Amino acid sequence: MSKKWIYLFREGNASWKDLLGGKGAGLAGMTIAGMPVPPGFTITTEVCNAYYDEGKKFPDGMWEQAMDALKVVEQQMDRQFGDPVNPLLVSVRSGAKFSMPGMMDTILNLGLNDTTIKGLIASTGNERFAYDAYRRFVQMYGNVVLNINKDSFEHVLDAYKHKIGPKAKDTDLTTEDLRAIKDEFKAIVLKETGSPFPEEPLEQLKGAIEAVFASWNNDRAIYYRQVNKISDALGTAVNVQTMVFGNMGDDSGTGVAFTRDPATGENVLYGEYLPNAQGEDVVAGIRTPHPISDMEHDPNFPGVYKQFREIAHRLEAYYKDVQDMEFTIEKGRLFMLQTRNGKRTGPAAVKIAVDLVREGVIDEATALQRVPADDLTQLLLPRVDPVARAHAKFITKGLAGSPGAAVGQVVFTAEEAEALGNAGQDVILVRRETSPEDLRGMVAARGILTAFGGKTSHAAVVARGMGKCCIVGAGSIHIAKDASGFSIDDTDVVIKKGDWITLDVDSNEGRVLAGRVKTIAPEMSGDFATLMEWTDKFRKLQIRANADTPQDALKAREFGAQGIGLTRTEHMFFEGNRIMAIREMILSDNQEDRKKALEKILPYQKEDFVGIFKAMDGFPVTIRTLDPPLHEFLPHEDAQIVELAQEMGISVEKVKNRIEYLKESNPMLGFRGCRLGIQYPEITEMQARAIFRAALEVKKEGVNVHPEIMIPLVSDVNELKLQRDIVERVALEEGVKEAGLAYSVGTMIELPRAALTADKIAEVAEFFSFGTNDLTQTTFGLSRDDSGKFLPLYVERKILKDDPFQALDREGVGQLLKIGTERGRSTRPNLKVGICGEHGGEPSSVEFCHQINLNYVSCSPFRVPIARLAAAQAAIGETVRDK
Ligand code: PEP
Ligand code: MG
């Protein structure tokens, strides 16, 4: 006996989505529950895969099973497929495990030909309706199965309508018109394909099934799967179902509805219906549908609304989730055509999940699993109003550096951004790329747009840290040499300095829109807070934040951070006039002068730490010693170099020589990290002193302070030893022990060698924090700043599954995390291990960190809620799998 390839709806099961697809499983569920579903059968997803495996042939036995199933349907309906007197007509629809709205194909009214049409006319007594169904069928079949351009058919239809009058609608066409149109459609088929339209219903059925399988691999379906991370291996099922007609008169109709509002989550039946219409009329938007609530008092549909509402309630109670339903009313009789879990916005997902718990439908763990962690972004940041977006002029797109929305006037330098921004103007800073020098301009701008750079480029990392909207790598942008404006490749669009633009960024991409587009403010509703509290009951990972200022630290606490996992001290060096002292330090010829310059910075640096320690009272704060290459602190343009030389009273040549000395071909891998503190121990010494002084000061004031000093970019334990010695000496000098201040010294693991020698490093380190940004670039040999140019292509061609700077690469970098953690803990069993790269706020990376037993993840303040939810989901997922 051959395998079972086909299931009648009544043989299926509502939970068999893998096998029957979402639509097939829904139809089976509703049929078994006794709801009014037109009979039919589902061809499984396994057939789709077998069809492709066997070189586009139906697997053995499948067609015979389809014929058997068809016979059963014929008996149930007391009609026959192809019968000239009482013909059965069917719809053929796709249905994958995950819904892919509008991506795949559907054919309605299948089974019509010049003979069966007579039966349809006789059985319905409605000739006009029958010819309308027939012309629709030829049109759909011609387009979907025979690949004839839609326009060829539309032209004919338009010509007939035009004959009636300039404003004639489809409904004005007479029976005669429709019959003639059908004939012209068939003539188009003959002309375009060289063969007559297939009259044989079984041949039509075979063609339609194959067309649905083909649509699994059309361009838009492939792209949709790529964007939504749906596997290509799932395949689609095909549903063959008895036709019911919503276009048989005023007592017929069709509609779609959700059991709750998918935009807000409000518990009201939400949807639309259209009298005397077939499904595609609703989608095509030719006529405006009525709100579903109007159906309650519509004299054409007595009792239907009540019946539908009851079914909707039953379906939601059965699936314990919001349902998205399609229905048709044929001559006053309601038929259900589909039910599936409804797609919803982030705010709606939160409200629905919390409401369902309150209503006693689901438990807290299930509620937490219902909200995609990344969708919380929509509750945390302003966003572009979707209605306004639809009317806005699109200029270009780039990578999603940091999500949200920003509206402002274009400026091209950090200085301008700072001057105008601080004067209260809304500006968007547009740069080829950004560097730490631009920081003040970035802070003052509403949003940032760069032509180059990937998702972990400077602009993106800094912007995410600030929760500021940012688009990077918008490669089609060309900034004019005189910075008067920018143009877009291959278009005549020119945006001048001072023009208004809007940045519109979601988690997938960033769009640049012209003008001031309306935005919606973030809502921190009570339900959101409730959901966040639930995460804390389940998660095992601690969540910390990466924060460089007291404001960011406070924001992070508000979002539930349990400490700071990374303070990048270099960001502080650009504040106020400190940059001059830093430059003085860099340009010094000897240690004594360097120490003098550092002396100037020490009090500021101490104050920075005081602020952060206070904001994080009771929680640990990890402070990293200086990390970036020093040339980042020096100017690069001639005019600025001359200005600096004058200000410092030294020669231009000297400044240029020092810049030349510090210049690196790969600025991310050279003279940076702990190497700076080894060459210039006085830098580490100053920073350690500032940390201890700040900690001792706040401790006296009663603050519960836990400093953790972190040494970056270590590749060998000896580097760490040297740096630790300095920190300990300073601790002694500052009287840390006497004051009873506990602190720890640890390191970042950012280089493969550090991960591999973690057992040795753990002899000196009290904690590890994986810097997965650098660890990814050093493992892949990809630069985090430049790879934006080609990484998207890698993902598109599936060379890499994901951008490794975005979602942690479990196979390679993940292995180093695992090895590093295990080896580190083999030396020091209670070693505290976390990550502070950008992956700390990305749900699948958080899941991995949970799986390898890290202690915490640390991410930008605005991603803390996402990390909390993702950590809870990882923990719940594990318990579910254990059962
Ligand atoms: C890292 O490399 O992952 C990290 C957090 O450090 P930074 O991004 O500052 O290099
Ligand atoms: Mg790093």
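Counting starts at 1 for both ligands and their atoms, following the listed order. Bear in mind the structure is a predicted one, so any value in this text is a computation, not a measurement.
The closest approach of Asp774 to the Mg ion (ligand 2), by N/O/S atoms, is made by OD2. Note on Glu750: its N/O/S atom closest to the Mg ion (ligand 2) is OE1.
Using a 4.0 Å cut-off to heavy atoms of Cys836, the atoms of ligand 1 that qualify are 5 (C). Proximity to Met748 (heavy-atom distance under 4.0 Å) selects the following atoms of ligand 1: 4 (C), 5 (C), 6 (O). If you number the atoms of ligand 1 from 1 as listed, the ones under 4.0 Å from a heavy atom of Gly771 come out as 1 (C), 2 (O), 3 (O). Near Leu566, with a cut-off below 4.0 Å to any heavy atom, the atoms of ligand 1 are 5 (C).
Residues Arg624 and Glu570 are paired through a salt bridge, judged by an N-O separation under 4.0 Å between the basic side chain and the carboxylate. Ion pairing between Asp504 and Arg511 holds under the 4.0 Å rule for side-chain N and carboxylate O. Electrostatic pairing of Lys595 and Glu682 does not count as a salt bridge here, judged by no charged N lying under 4.0 Å from a carboxylate O. With respect to Glu685 and Arg689, a salt bridge is recorded, a charged nitrogen being found less than 4.0 Å from a carboxylate O. Between Lys760 and Glu763, no side-chain nitrogen of the basic residue sits less than 4.0 Å from a carboxylate oxygen of the acidic one, so the salt-bridge criterion is not met. A salt bridge does not link Glu632 to Arg672: none of the charged nitrogens lies less than 4.0 Å from a carboxylate oxygen.
Here the closest non-hydrogen pair linking Arg675 and Gly670 is NH1-O, 2.9 Å.
The shortest N/O to N/O separation between Asn773 and ligand 1 falls below 3.5 Å. Of the polar atoms of Glu838, none of the N or O atoms is found under 3.5 Å from an N or O of ligand 1, judged by distance alone.
Protein heavy atom at the shortest distance from atom 6 (O) of ligand 1 is Arg624 NH1, 3.0 Å. The protein atom (non-hydrogen) at minimum distance from atom 8 (O) of ligand 1 is Arg784 NH2, 2.6 Å. The protein heavy atom nearest to atom 9 (O) of ligand 1 is Arg568 NE, 2.7 Å.
Summarising the local packing, CD of Gln679 is surrounded by more than 12 heavy atoms from other residues, nucleotides or ligands at distances under 6.0 Å.
The option with the heavy atom closest to atom 2 (O) of ligand 1, from among Thr778, Asp774, Leu751, Ile749, is Asp774.
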